[in-house]
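So the structure is just underneath, and the comments pick up after that.
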Amino acid sequence: MKEVVHEMFSEEQIQERIMEIAKQINKKYGNTPLHVIGVLKGSVFFFTELVKRLTMPVTIDFIAAGSYGDGMVSTGSLSIEKDLEGEIDDLHCLIVEDIVDTGNTLSKICKMLLARNPASVEFCALLDKPARRETEVQVEYIGFIIPDEFVVGYGLDYAQKYRNLPYVGRLEFIEE
């Protein structure tokens with residue numbers, strides 16, 4: 001099988017949308033400090049570009065959660081591979097994710113973090129794929145809503161490949 005990536009959102013479109021999301025977050029939080037938590041590995045590109053555009057005092061941390069392995073479909077089993085390094089008591093937390101698919105990962109992360117007494121928890125995702133939703137989650141900031149297609153690039157991968165693409169594209173398999 002040959003893998004072909006078809007561009008869905010260009011680097012320019014992504015950068016423009018990130019600026020718009022940052023403006024929304026800046027308006028909401030003003031000068032209130034914000035603790036931004038990236039969900040590894042997929043959110044790294046989006047996380048970095050977003051945080052650079054936030055104007056309030058920002059602290060950062062990362063959590064690694066996995067449910068895909070090397071496949072194209074979530075296994076349904078979430079594992080926390082890296083927990084937060086610091087406490088989040090009384091902090092306003094923004095969780096940054098690459099894509100919301102089934103909603104299971106964000107739902108479980110939310111429950112875990114709420115047990116640690118943050119002042120608030122909100123979610124931000126570059127991509128939202130509502131057709132695959134199994135668990136309802138409230139995502140306050142969304143870059144793009146996409147159809148039920150497997151996408152790669154800008155941090156998203158297939159079997160650890162394609163994360164470095166500067167755009168988001170649909171992955172297609174073609175028989176040779």
Side-chain angles (χ1 to χ4, degrees), residues 1-25 36-53 60-83 94-110 112 122-176:
M1 287 278 212
K2 180 180 176 184
E3 298 169 9
V4 178
V5 180
H6 304 277
E7 186 175 297
M8 185 179 279
F9 301 108
S10 70
E11 184 174 14
E12 293 76 21
Q13 288 174 300
I14 294 168
Q15 291 301 317
E16 184 176 312
R17 188 65 188 118
I18 290 171
M19 286 190 294
E20 292 169 359
I21 293 169
K23 284 180 186 175
Q24 290 178 304
I25 295 168
V36 187
I37 300 168
V39 181
L40 296 173
K41 299 177 187 170
S43 74
V44 172
F45 291 75
F46 177 48
F47 176 92
T48 301
E49 293 302 318
L50 179 66
V51 169
K52 288 191 308 189
R53 289 164 175 79
I60 66 171
D61 204 343
F62 295 93
I63 189 167
S67 65
Y68 276 81
D70 283 342
M72 294 177 69
V73 178
S74 174
T75 64
S77 173
L78 178 73
S79 63
I80 300 298
E81 297 153 5
K82 181 207 173 299
D83 204 345
L94 178 67
I95 314 306
V96 178
E97 179 68 290
D98 55 356
I99 186 168
V100 181
D101 192 333
T102 63
N104 294 330
T105 298
L106 282 187
S107 176
K108 289 175 183 175
I109 288 174
C110 184
M112 183 180 83
E122 287 192 322
F123 292 103
C124 179
L126 177 61
L127 304 172
D128 185 16
K129 193 188 296 187
R132 301 258 312 138
R133 197 77 83 245
E134 294 175 4
T135 303
E136 277 310 308
V137 289
Q138 176 75 28
V139 181
E140 286 77 13
Y141 310 99
I142 296 171
F144 303 96
I145 296 174
I146 63 169
D148 188 9
E149 297 179 325
F150 196 85
V151 292
V152 295
Y154 213 79
L156 292 105
D157 75 301
Y158 169 66
Q160 298 300 324
K161 298 184 289 185
Y162 305 112
R163 288 190 196 277
N164 62 314
L165 295 176
Y167 58 88
V168 171
R170 178 178 54 84
L171 182 62
E172 179 183 16
F173 294 94
I174 299 174
E175 292 201 34
E176 296 184 277

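- At a threshold of 4.5 Å between non-hydrogen side-chain atoms, the residues Gln24 and Glu140 do not count as touching.
- A salt bridge is defined here as a Lys NZ or Arg NE, NH1 or NH2 lying under 4.0 Å from an Asp or Glu carboxylate O, and Asp128 with Arg133 meets this definition.
- For the atom pair Thr135 OG1 and Lys108 NZ, the distance stands at 7.5 Å (nearest 0.5 Å).
- The minimum heavy-atom distance between Phe123 and Gln138, with the atom names listed, is CD1-O, 3.4 Å.
- Looking at Val168 and Val152, their side chains never come closer than 4.5 Å, going by heavy atoms from C-beta outward.
- Contact annotation: the side chain of Phe9 never approaches that of Val151 to less than 4.5 Å [non-hydrogen atoms, C-beta and beyond].
- Between Glu122 and Tyr141 the shortest side-chain heavy-atom distance falls below 4.5 Å.
- Between Ile21 atom CD1 and Arg53 atom CZ the span is 11.0 Å, to the nearest 0.5 Å.
- Taking CG from Leu126 and CD1 from Ile18, the interatomic distance works out to 6.5 Å, rounded to the nearest 0.5 Å.
- Scanning all heavy atoms of the two residues, the minimum distance from Leu50 to Cys124 falls at CD2-SG, 3.9 Å.
- In this structure, Glu20 does not pair ionically with Lys23, as no charged nitrogen and carboxylate oxygen lie closer than 4.0 Å.
- Between Tyr162 and Phe150, the distance separating the two ring centers is not shorter than 6.0 angstrom.
- In this structure a side-chain-to-backbone donor-acceptor pair under 3.5 Å is missing from Ser107 to Gly103.
- Contact of the Phe144 side chain with the Ile14 side chain is registered, since non-hydrogen atoms from C-beta on lie closer than 4.5 Å.
- Scanning all heavy atoms of the two residues, the minimum distance from Val139 to Ile142 falls at CG1-CG1, 3.6 Å.
- The two residues Val100 and Ala125 have their closest heavy-atom pair at CG2-CB, 3.6 Å.
- Closest approach of Ala131 to Asp148, counting heavy atoms only: CB-CB, 4.0 Å.
- Aromatic pair Phe47/Phe62: ring centres closer than 6.0 Å.
- Contacts of Phe46 classified as ring pair (Phe, Tyr, Trp, His ring centres under 6.0 Å), with partners at least two apart in sequence or in another chain: none.
- A 4.5 Å side-chain heavy-atom check between Gln13 and Arg17 finds every atom pair outside the cut-off.
- Here CD of Gln15 is found 15.5 Å from OH of Tyr167. Values are rounded to the nearest 0.5 Å.
- Closest of all the heavy-atom pairs between Ser43 and Val39 is OG-O, 2.7 Å.
- Rounding to the nearest 0.5 Å places CD1 of Ile63 at 7.0 Å from CD1 of Ile37.
- Side-chain contact between Val96 and Val51 is absent, with no heavy-atom pair separated by less than 4.5 Å.
- Residues Glu176 and Met1 fail the side-chain proximity criterion, which asks for heavy atoms closer than 4.5 Å.
- None of Thr102, Thr105, Leu106, Asn104 except one satisfies the side-chain contact (heavy atoms from CB on, under 4.5 Å) rule with Val137; the exception is Leu106.
- One distance of note links CD1 of Ile109 with CD1 of Ile95; it measures 7.0 Å at 0.5 Å rounding.
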